[in-house]
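Reading through the structure tokens given below for one structure.
Chain naming here is simple, since letters A, B, ... match the order of the sequence lines and numbering starts at 1 in each.
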Amino acid sequence: MKWTQTLIPTLREAPSDAEIVSHKLLLRAGLIRKLAAGVYTFLPLGLRSLRKIETIIREEMDRAGAIEVLMPALQPPEIWQQSGRAETARDVLFKVKDSSQREWYLSPTAEEVITTLAANEINSYRQLPKNFYQISPKFRDEIRPRFGLMRAKEFIMKDAYSFDTTDDGAMASYKKMYDAYTRIFARVGLKAFPVEADTGVIGGNYSHEFMVPAETGENDVAFCEACGYAANIEKATSGIPKTAAREIGAAVEKFATPGVVTIEALAKEPYKVPANRQIKTLVYVADSKVILILVRGDDQLNETKLAAKTGAVQVRPATPEECVATLGAKPGSLGAVVKVPADVKVYADERLQGANDMTTGANEDGFHFKNVSIERDIKVTAWFDLRTVTAGEPCGKCGKPLKIRRAIEVGHVFKLGTKYSEKLNATFLDVDGSRKPSVMGCYGIGVTRTLQAVIEQGNDKDGVIWPLSVAPYQVCITPLSVVPESEPMKLAEKFYAELTARGVDVILDDRDERPGVKFKDADLVGFPIRLALGEKSLLKGEIEVKPRNGAVQFVKTENAVEAVLKLIADNGVVAPAA
RNA sequence: CGGAGCGUAGCUCAGCCUGGUAGAGCACUUGCUUUGGGAGCAAGACGUCGCAGGUUCGAAUCCUGUCGCUCCGACCA
């Protein structure tokens, strides 16, 4: 490709609405342009990288035995009602109406469609297992699009859905995808690692996310360097000990705490009740039912765990008015010892099991109880792990301290079980003649997000540093004179032809620009290898070969093509084991 | 949806407080010079100051509404 024939609108300054480095570079390097919040056009260079990522994904999905299909973006609401997700996924569904006022959903994912297909087309165990995948635009009514392609209203996702006859088969399918994902991210040059994850409204009971460490990520991951344990903070557990039991003390005693409405205030003079001897009582509304949550004063409730453990679709903190209506006191004086309505369930964090000599609100503004023994004085409906793990806690597996870091989620694999196949009647006849629902799994990769993650991970002050495997072009030839028939231009054309013939992706910067401009642009876009052809070095019979992230080398012109091919071979695409 | 902020040239932004001629840098066009890391000089083109209403002799500037965008939070398959 000749630079002047394509469109590479580089920017010296980033538009002010770009916040993080990868978003700025996507715009500055001329890869994408924003049409509206969370909605982007891919320019020629951005599209080339996107296609390369897609190609890698296709190769690895095909290698793993998955088969490609293409499902519609327009989906009828009926199948979403059938699966139950019309309700549970309501908030992210894009809904459109056609001219006859019929409603459609724009696909945020395709469990319903593929399961409907399987229900119609798969009748026998002989047809299983199957794994269908597609790469297509997806739509989510994100309440707050952010960070360019990271969280967009429209984005490209690879989604795959496996169907098996047995749970073991489903597990094997899951493992294949897990391994394929590992290879995919390695090939696109991303340091991504799998972590245990919550399943959210997708459902199912077993799940891993593939995470790219990055400070700008929107997820926290807890991990143990000693034993390799890693989990999304929404799911992570630790080996932190339960609250130490003391001697069973006297009966519960009320004491005045005027104006004290925080854990911290109660921990100070004159009360001096340490946070770890307090019970924090939280009022929540789970699917429109009021519930009480008890966690230790120095712990934070993990809402994802709460939803997962209680099976609620939606949980939210109660308003102060709802608290008063339920317990008769405002937040800050709440407790579960007295005045808990019979129909209000009380869920307590396991760390409180056996705790006594605790202090908690008295459900009377300005008063607390002390000497509370949780099992003696509080009617706990159920014990769950509900707290959020913090850095430094002992790993639940090996006891070494856990660390926490930010990460970008680029892939997610789920074992779904029969949730969708049962609801949408995706059944098959087994060997013994019995009809069974297929055991499913689903597997997503955020393709556009992966592209941005590559940039977030590979950049310096001058611009993008692409892995060879996904760079828009592998080599940029930069003649410092573009006068036709000039020595630099003639050689540039020759290298262009030869490298192209050898299967290398080359762009020739034939713009009549000053060298500085061309070099700056080449660095900004981040082509992995740059060939500079200037009068000075040509007089010595040399050209300049410069890897984007390495040192300049001068090479005899006759050896230049081989030098480039060697660089590509040395730093090239990770060749995954078959 | 709650909180905060911003909409002025293609991009980054000044001007607004204290109403009166719409500006700078970069980018763009032409010419000359320059030519190994975002050149110099000269000339030029580019604006319904987001939109609508109001106040005023007069509004980019003050007021009201509205739309869009960004950030924090809720949310996040």
Kindly say if A:R12 contacts the phosphate of B:A27, meaning a side-chain N or O under 4.0 Å from OP1 or OP2.
-> yes
Interatomic distance at C1', B:A24 relative to B:C69, whole Å = 24 Å
Contact class for A:S481 vs. all strands (heavy atom < 4.0 Å): base, sugar-phosphate, or nothing?
-> nothing
So which protein nitrogen or oxygen atoms get under 3.5 Å of nucleotides 66-69 of chain B's nitrogens or oxygens?
{"from": "B:C69", "atom 1": "OP1", "to": "A:A37", "atom 2": "N", "distance (Å)": "3.0"}
{"from": "B:C69", "atom 1": "O3'", "to": "A:K34", "atom 2": "NZ", "distance (Å)": "3.1"}

Could you work out the separation of B:C28 and B:C11 based on their P atoms and round it to a whole Å?
-> 15 Å
In Å, rounded to the nearest 0.5 Å, how long is the span from CG of A:D509 to CH2 of A:W3?
-> 5.0 Å
With heavy atoms under 4.0 Å as the rule, sort A:G444 into base, sugar-phosphate or nothing.
-> nothing
With sequence neighbours excluded, tell me which residues meet salt bridge (charged side-chain N to carboxylate O under 4.0 Å, His left out) with A:K153.
-> A:D141
What interatomic distance, in whole Å, is found between C1' of B:A22 and the corresponding atom of B:A9?
-> 10 Å
Whole-Å gap separating P (B:C11) and NE2 (A:H23) = 14 Å
Give A:Q314 one of three labels, base, sugar-phosphate or nothing, depending on what nucleic acid heavy atoms sit under 4.0 Å from its own.
-> nothing
Scan A:R316 against the nucleic acid and name what it touches under 4.0 Å (heavy atoms): base, sugar-phosphate only, or nothing.
-> nothing
B:G5 and B:U48: how far apart are their C1' atoms, nearest whole angstrom?
-> 26 Å
Would you classify A:R28 as touching base, sugar-phosphate or nothing, given that sugar-phosphate means primed atoms plus P, OP1 and OP2, and contacts are heavy atoms under 4.0 Å?
-> base
Parallel, tilted or perpendicular: which fits the ring planes of A:Y473 and A:F527, with parallel below 30° and perpendicular above 60°?
-> tilted
Which part of the nucleic acid, if any, lies within reach of A:R530 when heavy atoms closer than 4.0 Å are counted: base, sugar-phosphate only, or nothing?
-> base
Go through the steps to decide whether A:M1 and A:V506 satisfy the test side-chain contact (heavy atoms from CB on, under 4.5 Å), and finish with yes or no.
-> CA-CA 7 Å; A:M1 177 57 71; A:V506 191; over 6 Å; no
In whole angstrom, give me the gap between the C1' atoms of B:C46 and B:G10.
-> 9 Å
Mind checking A:A14 for me? I need base, sugar-phosphate or nothing, with any heavy atom below 4.0 Å counting as a touch.
-> sugar-phosphate
Rounded P spacing from B:A42 to B:C51 in Å = 34 Å
Look at all strands and tell whether A:D523 reaches a base, only sugar-phosphate, or nothing, counting heavy atoms closer than 4.0 Å.
-> base
Can A:S173 and A:D164 be counted as having a side-chain donor-acceptor contact under 3.5 angstrom?
-> yes
With rounding to whole Å, what would you report as the distance between B:C63 and B:G68 at their P atoms?
-> 22 Å
Please report, rounded to the nearest Å, how far the P atom of B:A27 is from the NZ atom of A:K520.
-> 14 Å
Determine the interatomic distance between P on B:U12 and the same-named atom on B:C71; round to the nearest Å.
-> 14 Å
CG of A:D521 to CD1 of A:I8: how many Å apart, nearest 0.5 Å?
-> 8.0 Å
Using purine N1 to pyrimidine N3 plus N6-O4 or O6-N4 for Watson-Crick, or N1-O2 and O6-N3 for G-U wobble, each under 3.5 Å, what pairs with B:U70?
-> B:A4
With no hydrogens and no angle check, do the side chains of A:Y284 and A:T310 hold a donor and an acceptor under 3.5 Å apart?
-> no
Which base, if any, makes a Watson-Crick or G-U wobble pair with B:A14, both distances under 3.5 Å?
-> none
Atom pair distance, as rounded to whole Å: CG in A:L480 and P in B:U35 | 13 Å
According to a strict under-4.0 Å criterion, is A:R146 in side-chain N/O contact with OP1 or OP2 of B:C72?
-> yes
Contact class for A:P15 (heavy atom, under 4.0 Å): base, sugar-phosphate, or nothing?
-> sugar-phosphate
Distance, rounded to the nearest Å, where A:R514 contributes CZ and B:U34 contributes P = 11 Å
Would you call A:R90 and A:E87 a salt bridge, using N to O less than 4.0 angstrom?
-> yes
Separation of atom CZ in A:R144 from atom P in B:G3, rounded to whole Å | 15 Å
If we ignore angles and hydrogens, is there a donor and acceptor under 3.5 Å between the side chains of A:D287 and A:Q314?
-> no
B:C13 OP1/OP2 closer than 4.0 Å to side-chain N/O of A:S16 = yes
Quick one: A:K24 NZ to B:C11 C1', roughly how many Å, whole number?
-> 14 Å
